[in-house]
K.L.:
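Provided herewith is a single structure, encoded as structure tokens, for subsequent inquiry.
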Number of protein chains: 2
Amino acid sequence: MPSRLIDRAVDQIAGLPGVGRRTALRLALHLLGRTEDDVRRFAEAIQDMKEGVLSCNICGNLGEEEVCSICLDDRREESRIAIVEDLRDLLAIEATGHFKGRYHVLGGVISPMDGVGPADLRIESLIARVSDPVVEEVIFALPTTMEGDTTAFYINKRLQDIEVTVTTLARGVAVGDELQYADELTLIRSLQQRLPYATSTGGTDGSAS
Amino acid sequence: MPSRLIDRAVDQIAGLPGVGRRTALRLALHLLGRTEDDVRRFAEAIQDMKEGVLSCNICGNLGEEEVCSICLDDRREESRIAIVEDLRDLLAIEATGHFKGRYHVLGGVISPMDGVGPADLRIESLIARVSDPVVEEVIFALPTTMEGDTTAFYINKRLQDIEVTVTTLARGVAVGDELQYADELTLIRSLQQRLPYATSTGGTDGSAS
């Protein structure tokens with residue numbers, strides 16, 4: 001590379017998930033072709049986001065306050081909590097307009113391969129929330145992947161001494177797909193047809209719950 | 001979007017070529033998951049690049065000085081100039097180790113569809129360089145696309161009153177492909193088998209040159 005500065009920028013861009021070095025170089029050259037003002041706006045938007053965005057103290061949703069707008073909204077049912085992996089899945093469910101409860105954003109799913117264990121996710125705060133008798137139902141809205149299933153299985157175990165109905169989105173979503181790529185109708189149907197968690201997994205743990 | 005700050009960062013990231021809004025949101029959330037230091041390094045690397053990288057006054061190659069390291073290198077033949085679209089194509093040729101001349105980086109190719117005309121490219125400075133009798137050969141190392149061909153055609157016309165041999169890379173590269181994705185052997189062969197420009201285009205302009 002003819003410049004250490006280009007090299008460093010390409011390294012940084014190639015550090016983004018799914019971006020290779022060729023793409024990173026293409027993007028770096030694109031940015032070099034823009035005006036200084038443009039590039040400053042680009043860099044500042046990212047830094048401002050990192051500095052200004054907070055996770056909601058209650059549910060983990062992102063926003064600019066200590067408590068997010070959904071948790072502050074009295075019209076949202078306190079009795080139902082949908083458990084999602086991240087903001088993108090929350091946004092996908094919000095876009096359907098068919099869920100009036102609250103959320104709990106785990107910040108990931110259990111994935112031993114990637115070194116993500118239960119302690120890395122917002123699971124303790126979830127258990128604490130669900131322990132409040134006002135909560136009647138917990139809905140797993142997790143990806144239909146091995147990691148999503150493992151996470152649901154783990155959380156369900158943790159919830160077994162708490163009196164709460166545990167449901168999961170109907171598997172209208174093809175197994176192996178990411179939740180956020182499901183079309184809206186599929187997502188609406190899987191919200192409406194949600195099933196008790198134990199039944200949905202073929203009853204392996206059914207007699208116990 | 002739950003935060004204007006996320007929205008703004010996603011807008012900026014989605015402004016990069018080939019990045020859609022879904023990908024932009026995924027990248028924004030990834031950056032939110034990093035430490036503040038990490039994100040600062042990311043943003044600073046891009047701003048530092050934009051502020052510190054200069055185009056070579058002679059050939060348009062990128063670097064951190066007014067004149068690039070290739071133009072300053074006495075061992076590079078002054079008599080041969082390879083004309084490339086951008087830095088990536090220059091790097092692809094350098095990687096072969098089979099070219100000992102100099103470069104001229106146009107900064108693009110003529111593309112009326114994208115509003116890029118000859119005046120937007122480093123063509124005047126190329127003509128001035130080639131007018132120096134020390135230059136014996138100009139090699140078109142442009143993409144084998146309609147735009148690349150148009151650019152070569154235009155430059156060849158501009159060069160017709162100057163006594164210089166105009167050649168073009170052998171078309172070992174499949175038509176429609178981008179130069180930088182060619183494998184190294186193909187690129188070496190097309191350097192070695194370069195042809196007089198008029199011959200290579202089927203002699204449409206052959207009698208004149």
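What you see below is based on every heavy atom in this structure, not just the backbone, and it leaves out hydrogens, waters and symmetry mates. Quantities reported herein were computed from a predicted structural model and do not represent experimental measurements.
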K.L.:
Tell me, side chain or backbone of Leu29(A) under 4.5 Å from chain B's heavy atoms, or both, or neither?
P.N.:
side chain

K.L.:
Under 4.0 Å between a side-chain nitrogen and a carboxylate oxygen: does that hold for Arg76(A) and Glu94(A)?
P.N.:
yes

K.L.:
Non-hydrogen atoms of chain A under 4.5 Å away: do they reach the side chain of Glu65(B), the backbone, both or neither?
P.N.:
neither

K.L.:
Can you give each donor-acceptor pair under 3.5 Å made by side-chain atoms of residues 10-18 of chain B, sequence neighbours left out, with the distance rounded to 0.1 Å?
P.N.:
unit_1, atom_1, unit_2, atom_2, d
Asp11(B), OD1, Arg21(B), NH1, 2.6

K.L.:
Look at the side chain of Lys50(A) and the backbone N and O of Asp38(B), then say whether any donor-acceptor pair between them is shorter than 3.5 Å.
P.N.:
no

K.L.:
To the nearest 0.5 Å, how far apart are NZ in Lys100(B) and CZ in Arg75(B)?
P.N.:
8.5 Å

K.L.:
Just checking heavy atoms, which of residues 56-64 of chain A are less than 4.5 Å from chain B?
P.N.:
Asn61(A), Leu62(A), Gly63(A), Glu64(A)

K.L.:
Can you find a pair of side-chain heavy atoms, one from Leu106(B) and one from Ile155(B), that are under 4.5 Å apart?
P.N.:
yes

K.L.:
Tabulate below the donor-acceptor pairs under 3.5 Å that side-chain atoms of residues 77-84 of chain A make, not counting sequence neighbours, or state none.
P.N.:
unit_1, atom_1, unit_2, atom_2, d
Glu77(A), OE1, Arg80(A), NE, 2.8
Arg80(A), NH1, Glu137(A), OE1, 2.5

K.L.:
So which of Ala45(B), Gly33(B), Cys68(B) has the largest heavy-atom pair count under 4.5 angstrom toward chain A?
P.N.:
Ala45(B)

K.L.:
What residues, two or more places apart in sequence or in another chain, satisfy side chain to side chain donor-acceptor pair (under 3.5 Å) together with Thr23(B)?
P.N.:
none

K.L.:
What option among Leu54(A), Leu90(A), Ile46(A), Val19(A) has the most heavy-atom pairs under 4.5 Å with chain B?
P.N.:
Ile46(A)

K.L.:
Quick check against the 3.5 Å criterion: does Asp86(A) have a side-chain atom that pairs as donor or acceptor with the backbone of Arg88(A)?
P.N.:
yes

